[in-house]
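Structure first, then comments.
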Amino acid sequence: MTEYVSSFLSLFLSGQSLDNMLLPCTVVAIFLSALLSYFVCVHLLTPLMHLITLKTETEWDDDLLDRHMLSAFSQLAPALLLLWLLPEVAHKSEAWSLWLGKLCRFYIVWVVVRIVCLFLQNLYMGLEKRNMLTTHNLSVLVQAGKLVAIGVGVIIGLSILFDRSPLSVLTAFGASAAILMLVFKDTIMGLVAGVQLSANGMLHKGDWIVSDKAHANGEVIDVKLTTVKVRNWDNSITTIPPYTLVSDSFHNYQNMRRVGARRVARSINIDMNTIGFLPEERLAALRSAGHLAGLGEPEEEGRTINISLFRRYLEYYLSHHPEVRVKDKDNSAIVMMVRQLQPTAQGLPLELYFFTNRTNWKRFEALQSDIFDHVYAMLPCFGLRMYQAPAGTDFAARDTWPPL
């Protein structure tokens with residue numbers, strides 16, 4: 001480069017004037033060459049590479065080598081050209097050349113870090129577009145990778161500027177570790193918690209979670225390094241630190257959606273004053289109405305207990321309901337039963353425990369209501385009554401009070 005500039009200047013200058021103008025003109029020529037290389041890469045090579053990626057059959061090159069990535073690669077050209085040409089003028093101005101070389105190397109480190117971050121982001125977006133992140137949440141790992149790349153870039157950049165080895169810079173950071181941990185406490189805790197959530201498969205984008213402490217009940221819309229955003233069912237947004245989900249328990253209903261079975265565990269309180277043996281005329285009425293079909297006949301006449309028969313009726317009703325899953329050979333947790341709980345002052349709880357095929361909230365509530373509507377309507381047929389705390393109108397309905 002110096003020879004070309006000297007030959008050009010010799011056409012106009014000579015002697016001492018040529019020697020005085022050679023260095024600044026050479027520096028200007030180097031910078032113009034670097035600027036020209038940048039424009040060539042940006043306006044010629046980048047569109048050409050983008051056109052080539054669009055013509056290929058695979059789509060991965062379109063996602064990884066997008067315009068931002070190609071632009072980042074183009075920014076390397078002027079810095080590399082400067083590092084290549086600067087030694088030609090270093091012998092005439094060593095200090096000036098030294099600092100300019102440091103700035104070029106620092107700039108290269110910054111561009112390389114940017115390329116790594118863009119590559120990780122494009123890789124994540126490509127995987128997400130192809131629905132390949134359903135089992136693992138890689139967003140936190142991608143952000144952690146970006147943070148590591150930036151940290152390494154900062155250490156190398158400082159070592160270049162201050163002429164120290166990266167190990168010395170890292171040692172200096174270690175001496176101030178307490179201050180750094182205090183300043184970046186949330187980031188460090190979020191990083192550790194995010195990696196735990198991702199590695200253990202505890203949380204993914206699109207999961208339905210319930211966190212009582214964070215007052216969140218909805219779908220996860222974003223998982224970041226320091227925040228987890230949940231869109232609640234009232235369309236409000238709750239932002240939760242990841243370490244809150246790790247340190248406290250939360251419910252994740254995604255497995256329910258994947259299995260396709262949603263649980264119902266709901267009980268009704270039976271008035272224990274109505275529990276007893278069914279008379280023959282009540283049994284005959286139930287038999288003629290077809291409510292005892294499939295239940296079998298009582299073993300001993302006049303000794304059929306109404307709540308026992310009603311419990312068997314509900315089990316038969318649920319087992320033949322088209323929307324109720326009686327059992328699953330692949331999932332032993334899916335069971336169906338009707339059981340009695342511990343008697344209370346409000347009566348005898350009779351719990352219906354079963355799983356439905358409906359996981360959608362609205363359709364699930366509609367099915368649950370239909371089933372319990374049927375249960376409430378069938379109670380009087382078996383001579384049973386639900387417990388209900390007496391209200392003022394119940395006392396007012398009494399004409400007279402018993403004598404003292």
Side-chain angles (χ1 to χ4, degrees), residues 124 127-128 130-141 190 192-268 318-319 321-339 341 349 351-373 375:
Y124 172 75
L127 293 173
E128 188 179 44
R130 291 164 179 79
N131 296 324
M132 300 175 67
L133 302 179
T134 56
T135 57
H136 298 285
N137 180 27
L138 297 182
S139 62
V140 175
L141 298 180
V192 176
V195 171
Q196 289 180 345
L197 290 174
S198 177
N200 298 325
M202 300 167 59
L203 188 68
H204 306 87
K205 186 178 179 180
D207 287 2
W208 171 18
I209 67 170
V210 176
S211 175
D212 296 331
K213 183 178 181 180
H215 305 289
N217 183 1
E219 187 172 291
V220 177
I221 59 175
D222 197 9
V223 181
K224 296 293 185 182
L225 190 63
T226 57
T227 57
V228 174
K229 290 185 179 180
V230 179
R231 182 176 58 227
N232 300 310
W233 299 125
D234 59 356
N235 285 325
S236 62
I237 303 295
T238 300
T239 303
I240 311 172
Y243 55 81
T244 301
L245 299 177
V246 174
S247 59
D248 295 290
S249 62
F250 69 96
H251 297 280
N252 192 330
Y253 290 94
Q254 191 60 26
N255 187 66
M256 173 202 69
R257 291 177 170 177
R258 184 164 51 251
V259 174
R262 187 167 180 177
R263 189 191 69 171
V264 176
R266 186 171 165 182
S267 60
I268 57 175
L318 293 176
S319 63
H321 197 287
E323 295 289 342
V324 175
R325 299 181 65 167
V326 180
K327 60 181 179 179
D328 193 327
K329 62 179 182 179
D330 298 325
N331 192 344
S332 59
I334 296 180
V335 296
M336 186 277 295
M337 61 181 172
V338 180
R339 60 172 182 165
L341 302 181
E351 184 185 58
L352 281 70
Y353 187 99
F354 59 95
F355 288 82
T356 74
N357 293 326
R358 299 183 182 181
T359 58
N360 177 268
W361 187 14
K362 183 177 181 180
R363 298 181 66 246
F364 167 78
E365 293 295 342
L367 175 63
Q368 183 178 221
S369 299
D370 291 341
I371 291 177
F372 278 90
D373 288 345
V375 173

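These values consider heavy atoms only, across backbone and side chains, with no hydrogens, waters or symmetry-generated copies. All values reported here derive from a predicted model rather than from experimental measurement.
Nearest approach of Ala265 to Glu351, heavy atoms of both residues: CB-OE2, 4.0 Å. When all heavy atoms are compared, the tightest approach of Pro242 to Val228 is CG-CG2, 4.2 Å. The minimum heavy-atom distance between Ala261 and Arg325, with the atom names listed, is CB-NH1, 3.5 Å. Among all heavy-atom pairs drawn from Val326 and Ser319, the shortest one is CG2-O, 3.6 Å. The minimum heavy-atom distance between Phe355 and Val335, with the atom names listed, is CD1-O, 3.6 Å.
To the nearest 0.5 Å, atom CG of residue Asn360 and atom CD of residue Glu365 are 10.0 Å apart. Expressed to the nearest 0.5 Å, how far CZ of Phe372 lies from CG of Leu367 amounts to 10.0 Å. A distance of 10.5 Å separates NE2 in His215 from CD1 in Ile240, rounded to the nearest 0.5 Å. Taken from OG1 in Thr238 to CD1 in Ile221, the straight-line distance is 9.5 Å, to the nearest 0.5 Å. Atom-to-atom distance recorded for Arg263:CZ and Ile334:CD1 is 12.0 Å, nearest 0.5 angstrom. To the nearest 0.5 Å, the span separating CZ on Phe354 from CZ on Arg266 amounts to 9.0 Å.
Using a 4.5 Å heavy-atom cutoff, the side chains of Val220 and His204 are not in contact. Using a 4.5 Å heavy-atom threshold, the side chains of Ser211 and Asp248 count as separate. Counting heavy atoms from C-beta outward, Val264 and Val324 have side chains that stay 4.5 Å or more apart.
A donor-acceptor pair under 3.5 Å is absent between the side-chain atoms of Ser236 and the main chain of Asn232, judged by distance alone. Arg363 places no side-chain N or O within 3.5 Å of a backbone atom of Arg358 that could act as its donor or acceptor partner.
Using bins of under 30°, 30° to 60° and over 60° for the plane-to-plane angle, the ring pair Trp233/Trp208 lands in the perpendicular bin.
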